[in-house]
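Below: the structure, in structure tokens.
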Amino acid sequence: MWKYILVSIILTLCITSNALPTIKQNNELIEDEGGKIIKYTEELLKLWVEWEEWKHEHSKVYQDNKENEHRYQIWLQNKNKINTHNSDKTKSHKLGMNTFGDLTHEEFKSMYLSKSHYKLQRNGIKFLPPLGLSDLADAVNWTSEGYVTPVKSQGQCGSCWAFSTTGALEGQHFRSTGELISMSEQNLLDCSSKYGNQGCSGGLMDYAFEYIKDNGGIDSEDSYPYEGVENECRYRKEESVATLSSYVDIPSGDEYTLQLAIASQGPVSLAIDASQSSFQFYRSGVYVDKNCSNKELDHGVLGVGYGVEGDLDYWLVKNSWGTIWGDQGYIKMLRNGDNQCGVATVASYPLV
């Protein structure tokens, strides 16, 4: 209760300064004839406290009061969308407020998704199921087997393709050597443009695999840390920690073969449609959005397993938006749902 008393005092002190959002919601904001704010209800005080706590948690600072009010309005709209979704008992997944709460959906897509859609260009080796592989495990999770590095963050750069690439190679390198090494996304961002990648504007995992193969290696994260902007290539052969001989492309749209690959080989690079507003605030459960496209793909991720939750099959997917997003950086995406969101459209992994 003391927080509301404190905010009430702040409101009284700042009431004529326009430092607070001048929103109207169900007549809870009362003004006099001249438009001067004279009272906030307890509900608005609670929202304002929540807004201030959210800004503090996510280190949000705005240039002036006008921008602060603008972002508050967006945050409030997103909060209402989240609450509306979560109140629908037919939904198989939950949404939650996160660091993207002050962004419109268009702003979010522009900042975090690839600006060029993933193309169905298949130059890798065709996947052949291992001999003797008959019964598949009901569930696989390579994060518990040492194949997967901690969740990373791409920042405000469309470099998801680089994180998907390193994730797949990190897993295959561990499978081959027993050593898990975090590999450099910045190396790919800076050095693979001649293969068709476009830095923070997007790229393809297969293009990055081609670069690593021809280059003879990729540097470690420690020796070539992530910067989130494209710079000149600074690859150093003496810092190279892994390479690949080729890469395998999973037949497009074939979820069963993708399951075979993940079960038998380890983490696999995936491209998905992450453009739906529900994806921005995913928190838990099996993600299902029938508006998802299985052709217009704009985000590179890493398939690290699969399983069943309730009556829904799912893919366990590692994202690159930090642990502040999703379920500690992961999402469960519908499996065996007509290739929803394109999980199996452009899947591949390297051969070490």
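Computed from a prediction, not measured in an experiment: that's the story for all the values here. As a basis for the values below, the full set of heavy atoms in this structure was taken, side chains included, without hydrogen atoms, waters or symmetry mates.
Annotation for T165 and F209: closest pair CG2-CE2, 3.6 Å, computed over non-hydrogen atoms. Summarising the geometry of S193 relative to E230, their closest heavy-atom pair is CB-OE2, 4.2 Å, with the distance given to 0.1 Å. When all heavy atoms are compared, the tightest approach of M333 to C341 is CE-CB, 3.7 Å. Considering every non-hydrogen atom in both V343 and L258, the closest pair reads O-CD2, 3.9 Å.
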Inset, instruction - Apply side-chain hydrogen bond (donor to acceptor under 3.5 Å, both in side chains) to the pair K332 and S92, showing each step before the final yes or no. - result: CA-CA 10 Å; K332 294 173 181 176; S92 60; over 6 Å; no

Inset, instruction - Any chance you could lay out the side-chain hydrogen bond (donor to acceptor under 3.5 Å, both in side chains) test for N336 and Y306, step after step, and finish with the verdict? - result: CA-CA 11 Å; N336 299 326; Y306 61 83; over 6 Å; no

Inset, instruction - List the steps and the verdict of side chain to side chain contact (heavy atoms under 4.5 Å, CB included) for R335 and Q259. - result: CA-CA 9 Å; R335 177 167 60 93; Q259 183 182 1; 3.5 Å; yes

Inset, instruction - Decide yes or no on side-chain hydrogen bond (donor to acceptor under 3.5 Å, both in side chains) for S220 and D222, but give the supporting numbers first. - result: CA-CA 5 Å; S220 69; D222 287 342; 5.3 Å; no

Legend entry - Pair L270-V346, side chain to side chain contact (heavy atoms under 4.5 Å, CB included): steps then yes or no: CA-CA 6 Å; L270 311 173; V346 189; over 6 Å; no

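Under a 3.5 Å cut-off, the side chain of N78 and the backbone N or O of L103 do form a donor-acceptor pair. Checking side-chain atoms of W142 against main-chain N and O of I262 turns up a donor-acceptor pair under 3.5 Å. A donor-acceptor pair is defined here as one N or O able to donate and one able to accept, closer than 3.5 Å; such a pair exists between the side chain of D190 and the backbone of N231. In this structure, K60 contributes its side chain and N68 its backbone to no donor-acceptor pair below 3.5 Å. For D219 (side chain) and R236 (main-chain N/O), a donor-acceptor pair under 3.5 Å exists by modelled atom type.
Ring geometry for H105 versus F108: interplanar angle under 30°, hence parallel rather than tilted (30 to 60°). Between H93 and H85, the ring-plane angle classifies as tilted under the 30° and 60° cut-offs.
Take E221 and apply the salt bridge (Lys or Arg N to Asp or Glu O under 4.0 Å) test, not counting sequence neighbours, and it matches K152.
Side-chain contact, N319 with Y282: no donor N or O sits under 3.5 Å from an acceptor N or O. Looking only at atom types and distance, the side chain of Y211 has no donor-acceptor partner in the side chain of N197 under 3.5 Å away. Side-chain contact check for S278 and Y287: at least one donor-acceptor pair (N or O, by modelled atom type) lies under 3.5 Å. For the residue pair T166 and E185, a side-chain donor N or O sits within less than 3.5 Å of a side-chain acceptor on the partner.
Contact check for E210 versus Y247: side-chain heavy atoms found under the 4.5 Å cut-off.
Side-chain rings of Y72 and W54 stay apart, their centers remaining 6.0 Å or farther from each other. Annotation: H299 is in aromatic contact with W321 [ring centroid separation under 6.0 Å]. Ring centroid separation for the pair F163 and Y226 comes in under the 6.0 Å cut-off.
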